[in-house]
Each structure stands twice: as structure tokens, then as C-alpha cells.
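Below: one structure, written as C-alpha cells.
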Amino acid sequence: MAAQGEALTSASYITHHLTNLSTDKLGLVSEGSFWAVNIDSLIFSVLTGLAFLWLFRSVAKKASSGVPSKVQCFVEMVVEFVDTNVKDTFHGRNPLVAPLALTIFCWILLMNIMDLVPIDFIPYAAQSIGIPYMKVVPSADVNITMAMALGVFALMIYYSIKVKGLVGFAKELALHPFNHPIMIPFNLLLEVVSLLAKPISLGMRLFGNMFAGEVVFILIAALMPWWAQWLGSVPWAIFHILVITIQAFVFMMLTIVYLSQAHEDNH
């Protein structure tokens with residue numbers, strides 16, 4: 001696609017690489033429809049999820065109490081790392097939290113790692129078989145990140161009501177931070193805004209950082225000749241590895257914190 005990119009303007013090249021393979025682009029729904037589905041984001045999010053499940057399941061089946069393999073050592077380090085953070089941050093009792101945190105961290109990390117695939121590699125292969133668009137970083141799609149954030153939000157609400165009761169949860173919103181009836185409208189405004197800000201910030205933070213990183217790779221590919229792209233892409237990729245890991249860690253930690261807050265029964 002680098003060769004084809006010479007016949008394109010930089011703007012059209014960038015626009016092409018930022019366009020998802022969605023159902024409206026394929027004419028399955030009307031252009032710009034709310035119900036349009038980004039097929040490429042779904043495909044790569046499912047593939048990375050399956051890769052995570054396959055790796056951890058295969059390691060668990062082959063785990064040995066003797067000298068572990070390098071892959072087993074790596075998986076054990078990841079599990080221990082997540083388990084330590086859950087024990088230090090989550091103060092309730094819930095067997096779901098640790099597996100959820102492990103899944104979130106590994107899944108987001110794998111989705112983010114797709115950003116390190118050379119920018120033209122998969123889109124060029126897709127075009128060669130007649131697929132016009134192909135974005136390979138699911139976490140650079142706001143639909144994916146917000147769907148994950150809303151899933152965490154649903155768990156927050158569920159456990160808040162389960163632990164505190166519906167009345168207790170309502171009182172937490174109405175009587176905090178000012179425990180006086182006259183302050184209920186102000187408390188509700190403050191707490192509801194704070195509650196809704198959690199999933200929005202959770203999803204948008206991941207999307208913003210990954211989308212920005214993807215844009216930098218695209219700009220390097222668009223503005224530099226193909227034979228010199230590595231001069232810009234390799235240093236950025238090395239730095240971007242930190243961003244990829246930190247964003248997966250932040251999403252995991254905030255999920256643990258939010259669920260811990262949901263389990264706190266404040267009287």
C-alpha cells in the first residue's frame with residue numbers, strides 16, 4: 001500500500017487508514033446509521049480474546065510443578081501481578097474480581113499490541129482480496145472501549161445495589177457528601193455526574209491514547225518515503241510499548257477501584 005499511497009494525497013491516505021470496515025460502508029445499512037457495526041473491530045477484538053483464552057488454557061493444561069517453561073513463567077508472572085494488585089486494592093469479597101481484572105488486562109494488552117503491526121501490512125492484504133478498509137486496533141475504536149467501560153459500569157451498579165440494597169444505594173447518592181435533606185438535589189446532581197463520569201472517562205481514556213498512537217504511525221507512513229519509514233516508526237513503536245502496557249494497566253486498576261467502591265457498605 002506504500003506504493004499505492006504515492007498516487008494518493010497524504011490526506012486521503014490518512015483518511016483511508018482511519019476508516020473502519022463498517023456495515024454502512026458495505027451498503028448493509030444506510031450511510032452513517034446508528035446501527036452500523038465496525039466489522040474489523042469486532043473481528044480483531046474476538047481474535048485477540050480467543051488468543052488470550054487459548055494461551056492461558058494451554059499453559060494451565062501443561063503446567064508442571066517441576067521446572068516451568070518460559071511461557072508458563074510468563075503467565076504465572078502476569079497472574080501474580082494481577083492478583084497482587086487485586087489484593088492491595090479490592091477490599092470486598094468477590095471471586096469474580098480477580099479473573100475479571102486478569103481478563104481485562106490481558107485482553108486490552110493484546111488489542112493494543114495490534115498497533116505495533118506495520119501500518120500497511122494487514123490493510124494491503126485485505127485490499128488484495130477486495131476488502132476496501134481494515135483497521136486492526138480494536139482499542140482505537142470508541143465503540144469497543146465504551147462497550148467495555150459500560151460493562152464495568154453495569155457491574156458497578158449491580159454490586160452497589162446487591163451490597164447496599166436499593167434503598168442504601170439511593171441514600172448514598174442523595175445524602176452524600178452533605179447529609180442533610182435540604183442538600184439532596186445538590187447531592188444527587190454531584191453524585192450522578194460523578195457516577196456517569198466513571199465509564200465515560202474509562203472508555204474515552206483508552207480510546208484517546210490508542211487512537212492518537214495509531215494516528216502517529218499513519219502520519220509517519222504518509223509523510224515519509226517507504227524506505228525511510230522505519231526511522232520514525234521504530235522509535236515511536238518502542239515508546240508506544242509503554243503506552244500500550246500502561247493503558248491496559250490503568251483500565252484494569254480503575255475497574256478494580258470502581259468495583260471496590262461498589263462493595264463498600266457505608267452506613
Side-chain angles (χ1 to χ4, degrees), residues 20 32-38 41-42 45 49 82-109 111-112 138-212 243 246-267:
N20 284 98
S33 171
F34 175 79
W35 302 108
V37 175
N38 291 338
S41 295
L42 289 177
S45 61
V82 173
D83 185 60
T84 300
N85 281 282
V86 171
K87 288 179 178 178
D88 292 342
T89 308
F90 185 75
H91 306 299
R93 280 185 169 276
N94 192 331
L96 173 71
V97 175
L100 176 65
L102 178 65
T103 301
I104 285 175
F105 178 74
C106 295
W107 194 15
I108 292 178
L109 183 63
M111 287 194 289
N112 292 352
S139 51
D141 183 351
V142 69
N143 298 287
I144 297 294
T145 60
M146 285 306 301
M148 298 180 70
L150 289 174
V152 173
F153 182 67
L155 289 174
M156 289 167 50
I157 300 299
Y158 171 75
Y159 284 113
S160 292
I161 296 174
K162 182 179 180 180
V163 173
K164 305 165 189 176
L166 184 59
V167 175
F169 180 53
K171 285 183 177 180
E172 184 178 71
L173 296 179
L175 301 176
H176 185 270
F178 303 107
N179 190 7
H180 194 284
I182 199 172
M183 297 301 292
I184 288 179
F186 176 76
N187 289 338
L188 282 174
L189 177 63
L190 189 66
E191 289 297 312
V192 169
V193 169
S194 175
L195 189 64
L196 294 177
K198 290 178 180 179
I200 294 174
S201 62
L202 191 63
M204 293 303 293
R205 180 187 294 106
L206 176 60
F207 161 71
N209 281 277
M210 296 312 302
F211 183 80
V243 177
I246 289 172
Q247 289 308 309
F249 174 73
V250 168
F251 200 105
M252 178 195 74
M253 287 302 300
L254 288 177
T255 298
I256 299 170
V257 169
Y258 293 158
L259 290 179
S260 180
Q261 292 174 348
H263 284 73
E264 293 174 357
D265 190 5
N266 297 322
H267 296 285

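We count residues from 1, following the sequence as given.
Scanning both residues, Val86 and Ala98, for their nearest heavy atoms gives CG2-CA, 4.0 Å. A pairwise comparison of heavy atoms in Ala248 and Leu109 identifies CB-N, 3.8 Å as the closest pair. The minimum heavy-atom distance linking Ala149 with Pro199 is given by the pair CB-O, 3.2 Å. The two residues Ser139 and Asn112 come nearest to each other via the heavy atoms OG-OD1, 2.5 Å.
Side-chain contact between Val152 and Met148 is absent, with no heavy-atom pair separated by less than 4.5 Å. Looking at Ile157 and Leu195, their side chains come closer than 4.5 Å, going by heavy atoms from C-beta outward. A 4.5 Å side-chain heavy-atom check between Ile108 and Gln247 finds every atom pair outside the cut-off. Leu155 has its side chain within reach of Leu96: a pair of non-hydrogen atoms, C-beta onward, lies under 4.5 Å apart. No side-chain heavy atom of Asn209 sits less than 4.5 Å from a side-chain heavy atom of Val250.
For residues 167-189, the set of pairs meeting the ring-ring contact (aromatic ring centres under 6.0 Å, His included) definition, not counting sequence neighbours, comprises Phe178-Phe186.
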Walk me through it: do Met204 and Met146 pass the test side-chain contact (heavy atoms from CB on, under 4.5 Å)? CA-CA 7 Å; Met204 293 303 293; Met146 285 306 301; 4.2 Å; yes
Determine, stepwise, if the pair Leu259 / Asn94 fulfils side-chain contact (heavy atoms from CB on, under 4.5 Å). CA-CA 10 Å; Leu259 290 179; Asn94 192 331; over 6 Å; no
Evaluation steps, side-chain contact (heavy atoms from CB on, under 4.5 Å), between Thr145 and Val142: CA-CA 5 Å; Thr145 60; Val142 69; 4.2 Å; yes
Which is it for Phe249 and Asn85 under the side-chain contact (heavy atoms from CB on, under 4.5 Å) test, yes or no, and what are the steps along the way? CA-CA 10 Å; Phe249 174 73; Asn85 281 282; 3.8 Å; yes
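With rounding to the nearest 0.5 Å, the separation of CG in Leu173 from CG in Leu189 is 12.0 Å. Here the CD-CE distance, from Gln261 to Met156, works out to 7.0 Å after rounding to the nearest 0.5 Å. Here Glu191 contributes atom CD and Ile184 contributes atom CD1; the two are 12.5 Å apart, rounded to the nearest 0.5 Å. Of the inter-residue distances, the one linking Ser41 atom OG with Ile144 atom CD1 reads 5.0 Å to the nearest 0.5 angstrom. Distance check: Ile104 CD1 to Leu202 CG gives 8.0 Å after rounding to the nearest 0.5 Å. Remark: Met183 CE to Leu175 CG distance equals 11.5 Å, nearest 0.5 Å.
The backbone N or O of Lys198 sits less than 3.5 Å from a side-chain atom of Ser201, completing a donor-acceptor pair. Between the side chain of Ser260 and the backbone N or O of Phe90, no donor-acceptor pair lies under 3.5 Å. Using a distance-only test at 3.5 Å, with no hydrogens or angles considered, no donor-acceptor pair links the side chain of Ser194 to the main chain of Leu190.
Annotation: Ile182, atom CD1; neighbour count of heavy atoms from other residues, nucleotides and ligands within 6.0 Å does not exceed 12.
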